[in-house]
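Have a look at the structure below, then the notes.
Counting starts at 1 for both ligands and their atoms, following the listed order. The basis for the numbers below is simple: all heavy atoms, side chains too, and nothing from hydrogens, waters or symmetry mates. Small disclaimer: the values here were computed from a predicted structure and weren't measured.
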Amino acid sequence: MRKKVVAGNWKMNSTIDEAKKLTSEVVGILSKEKQNDAVVVLCPPYPYLGMTRRDIGDSQISVGAQNCHEADSGAYTGEVSTTMVKGMGAEYVIIGHSERREYFNESDELLAKKVSKVLAADLIPIFCCGESLEIRESGNHLDFVKQQLTQGIFHLNATEMEKLIIAYEPIWAIGTGKTASSDQAQEMHKELRDHLATKFGDEIAEQTPILYGGSVKPANAVEIFGQPDVDGGLVGGASLNSRDFADIVKAI
Ligand code: PEP
């Protein structure tokens with residue numbers, strides 16, 4: 001059985017008080033209502049990582065960082081290393097979110113280094129991929145996203161690959177209210193799993209969680225998560241509302 005995962009990406013949102021409130025509400029609701037074994041990850045902004053980890057206490061929720069630098073340490077003003085996020089209690093790191101690729105010019109080559117660095121720190125990368133609307137409309141989306149995997153993670157060995165989580169996030173569906181249809185999501189996820197199998201073999205491809213991201217909400221989560229190759233979600237906007245986020249977790 002593949003692991004099911006729901007990760008909330010808070011992006012650069014929330015004051016410290018809002019972050020505390022959100023965490024305590026999510027913990028409270030899920031401790032009463034969650035009945036599945038989905039792994040739940042909260043990815044707050046860096047300054048709240050340690051606080052969020054402490055506020056979660058001993059409930060079964062993990063913390064993840066939204067990014068990290070590819071070097072161990074050094075003169076990189078404003079950057080944050082894997083050791084730092086791990087020291088704050090993070091277990092996961094989102095790598096290659098489309099906002100990092102687009103606004104911070106993160107290339108496939110750089111992301112390949114980051115993925116390796118995250119794994120070397122014994123953290124779990126949530127590796128994001130996904131196409132723009134232009135690429136989707138050109139009909140080249142399957143090849144484009146497979147190429148992102150080839151460039152970003154095909155240098156890993158089997159032991160490393162066993163730890164990785166993939167998040168397919170069509171850029172045209174992120175924060176837009178548009179979602180990929182469940183058929184579109186399934187088509188891409190299956191294609192990505194088959195692509196993983198060509199490099200890492202069927203067993204690893206079968207056990208790699210592939211999450212969907214892009215305007216996931218309680219109203220569409222059941223249908224999307226019901227697809228055979230969709231193993232959960234990476235949730236942006238709806239993760240800032242405790243009720244919505246908890247309902248998405250319950251939709252697994
Ligand atoms: C995201 O940014 O990872 C995301 C999926 O955002 P949203 O859910 O708001 O579309």
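- Surrounding CD of Glu223 are at most 12 heavy atoms belonging to other residues, nucleotides or ligands under 6.0 Å away.
- Polar contact with ligand 1: absent for Gly214 (N/O pair, distance under 3.5 Å).
- In terms of polar-atom proximity, Gly175 is counted as a contact of ligand 1, with an N or O under 3.5 Å from an N or O of the ligand.
- Side-chain contact annotation: Tyr212 with Gln186, donor-acceptor N/O pair under 3.5 Å absent.
- Here Asp247 pairs with Arg243 in a salt bridge; the nearest charged N to carboxylate O distance falls below 4.0 Å.
- Within 6.0 Å of CG on Asn157 lie more than 12 heavy atoms contributed by other residues, nucleotides or ligands.
- Only the backbone of Ala173 comes within 4.0 Å of ligand 1, judged by heavy-atom distances.
- For atom 1 (C) of ligand 1, the closest heavy atom belonging to the protein is His97 NE2, 3.2 Å.
- Distances shorter than 4.0 angstrom do not occur between any heavy atom of Ala238 and any atom of ligand 1.
- Regarding atom 4 (C) of ligand 1, its nearest protein heavy-atom neighbour is Gly236 N, 3.5 Å.
- Of the protein's non-hydrogen atoms, the one nearest atom 9 (O) of ligand 1 is Gly237 N, 2.8 Å.
- At least one N/O-N/O distance between Lys11 and ligand 1 falls below 3.5 Å.
- Ligand 1 has no nitrogen or oxygen under 3.5 angstrom from a nitrogen or oxygen of Ile174.
- Under 4.0 Å is where a charged nitrogen must lie from a carboxylate oxygen, and between Glu106 and Arg101 no such pair does.
- The existence of a salt bridge linking Lys217 and Asp244 is excluded, since no basic side-chain nitrogen approaches an acidic carboxylate oxygen closer than 4.0 Å.
- Residue Ser215 approaches ligand 1 through these ligand atoms, each under 4.0 Å from one of its heavy atoms: 7 (P), 8 (O), 10 (O).
- Val115 and Leu192 end up in the same hydrophobic cluster when Ile, Leu, Val, Met, Phe, Trp and Tyr side chains are linked at under 4.5 Å.
- For Asp229 and Arg193, the salt-bridge test passes: some basic side-chain N is under 4.0 Å from an acidic carboxylate O.
- One option in Gln66, Glu169, Lys178 has a heavy atom closer to atom 5 (C) of ligand 1 than any other, and that option is Glu169.
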